[in-house]
Amino acid sequence: MYDNDYEYDILGVLRLLRFVQMYRPERAARLVAGETQFSTEQILEFIYYSIEEIFDDCYSEYDEMSGSELMCIYDTVFDEYLEFSAKLMEAHPCSVQAVRRRFEDIVTFFLSDRNCGIFDMTIRYEGNSPQIQLEFAEGYWEPGGLVIALTDLMHYLIRENEHMKQIIEKRSDKIVSLPKHCMEEAA
């Protein structure tokens, strides 16, 4: 597989399938139904049409004014990340802004300086739900690199959500499980 131009795209397909199988198995079965082998041309097409399976809501559109392709991404994992982060920082007065900046830094880390052709990236908030908007220069974006970056981002956020959820549960267990003699003294 080394020294082939499409090696990165093959890696992208494998990452995509692994991610979907781990976190969205019902989508994985639908995604690979009937697919047993790919030609090099089919790999890019498979990645392009399968990126949507990573997210709860993902759509692409072509902007004729700028000559670029736009991709808008939303997932409940984003909301959970903001919610759990806010719970961990709830005593801090600027927690909402700090949590949003932290989320934006994570997205920027995973999606910038990658070989995926992102020309511009914007994170918009509709209420408390973030939506990532990616803009690709016409004819330049690399689906293999993009799917690798997006699956890495989602995998990180899911793992981070699990970790924060465990911390929050431990905190609530400590508060609830006071010794009986302490509760009797307080009364």
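For the residue pair I168 and L88, the shortest heavy atom distance occurs at CG1-CD2, 3.7 Å. Across every non-hydrogen atom of E69 and S60, the tightest pair is OE2-CB, 3.6 Å.
We find that D75 and R24 are joined by a salt bridge, their nearest charged nitrogen and carboxylate oxygen being less than 4.0 Å apart. Taking a cutoff of 4.0 Å between a charged side-chain nitrogen and a carboxylate oxygen, R100 and E104 do not qualify as a salt bridge. With respect to R18 and D152, no salt bridge is recorded, no charged nitrogen being found less than 4.0 Å from a carboxylate O.
Counting heavy atoms of neighbouring residues, nucleotides and ligands inside a 6.0 Å radius, atom OH of Y23 exceeds 12 of them. The local environment of CD in E61 is crowded, with over 12 non-hydrogen atoms from other residues, nucleotides or ligands closer than 6.0 Å.
Rounding to the nearest 0.5 Å places CD1 of I167 at 12.5 Å from CD of E162. Of the inter-residue distances, the one linking S129 atom OG with D79 atom CG reads 3.5 Å to the nearest 0.5 angstrom. Distance check: I118 CD1 to Q133 CD gives 12.0 Å after rounding to the nearest 0.5 Å. I51 contributes atom CD1, which lies 4.5 Å from atom CG of L146 (distance to the nearest 0.5 angstrom). Rounding to the nearest 0.5 Å places OG of S85 at 7.0 Å from CD1 of I106. In this structure, the separation between CG on L111 and CE on M121 is 5.5 Å, given to the nearest 0.5 Å.
Two rings, from H163 and F84, have their centers 6.0 Å or more apart.
Residues S68 and F119 have side chains not in contact (no heavy-atom distance under 4.5 Å, counting atoms from C-beta outward). Between F136 and L134 the shortest side-chain heavy-atom distance falls below 4.5 Å. By the 4.5 Å heavy-atom criterion applied to side chains, M71 and C58 are counted as neighbours. Contact of the H155 side chain with the M22 side chain is registered, since non-hydrogen atoms from C-beta on lie closer than 4.5 Å. Side chains of Y62 and E64 form a contact here, defined as non-hydrogen atoms less than 4.5 Å apart. Proximity of L82 to Y125: side-chain heavy atoms (C-beta onward) are separated by under 4.5 Å at one or more points.
One N or O on the side chain of R27 and one on the backbone of E53 form a donor-acceptor pair closer than 3.5 Å. Not one N or O on the side chain of D120 forms a donor-acceptor pair closer than 3.5 Å with the backbone of E135. In this structure a side-chain-to-backbone donor-acceptor pair under 3.5 Å is present from T151 to I148.
Ring pair F78/Y74 is perpendicular by interplanar angle, where above 60° counts as perpendicular and below 30° as parallel.
For the side chain to side chain contact (heavy atoms under 4.5 Å, CB included) with I73, the qualifying choice from D57, I123, L150 is L150, the only one to do so.
By the rule that hydrophobic residues join a cluster once side-chain heavy atoms approach within less than 4.5 Å of another member, L70 and L153 end up as members of separate clusters. Tracing side-chain contacts under 4.5 Å through hydrophobic residues (I, L, V, M, F, W, Y), one never reaches V77 starting from Y59; they form parts of separate clusters.
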**OP:** Report the C-alpha separation of R15 and V147 in whole Å, then their side-chain angles, then the decisive distance to 0.1 Å, and conclude whether the side chain to side chain contact (heavy atoms under 4.5 Å, CB included) test is met.
**Re:** CA-CA 8 Å; R15 287 261 183 101; V147 78; 5.6 Å; no
Original post:
Which is it for E160 and R102 under the salt bridge (charged side-chain N to carboxylate O under 4.0 Å, His left out) test, yes or no, and what are the steps along the way?
Top reply: CA-CA 12 Å; E160 193 68 16; R102 186 173 161 199; 3.5 Å; yes
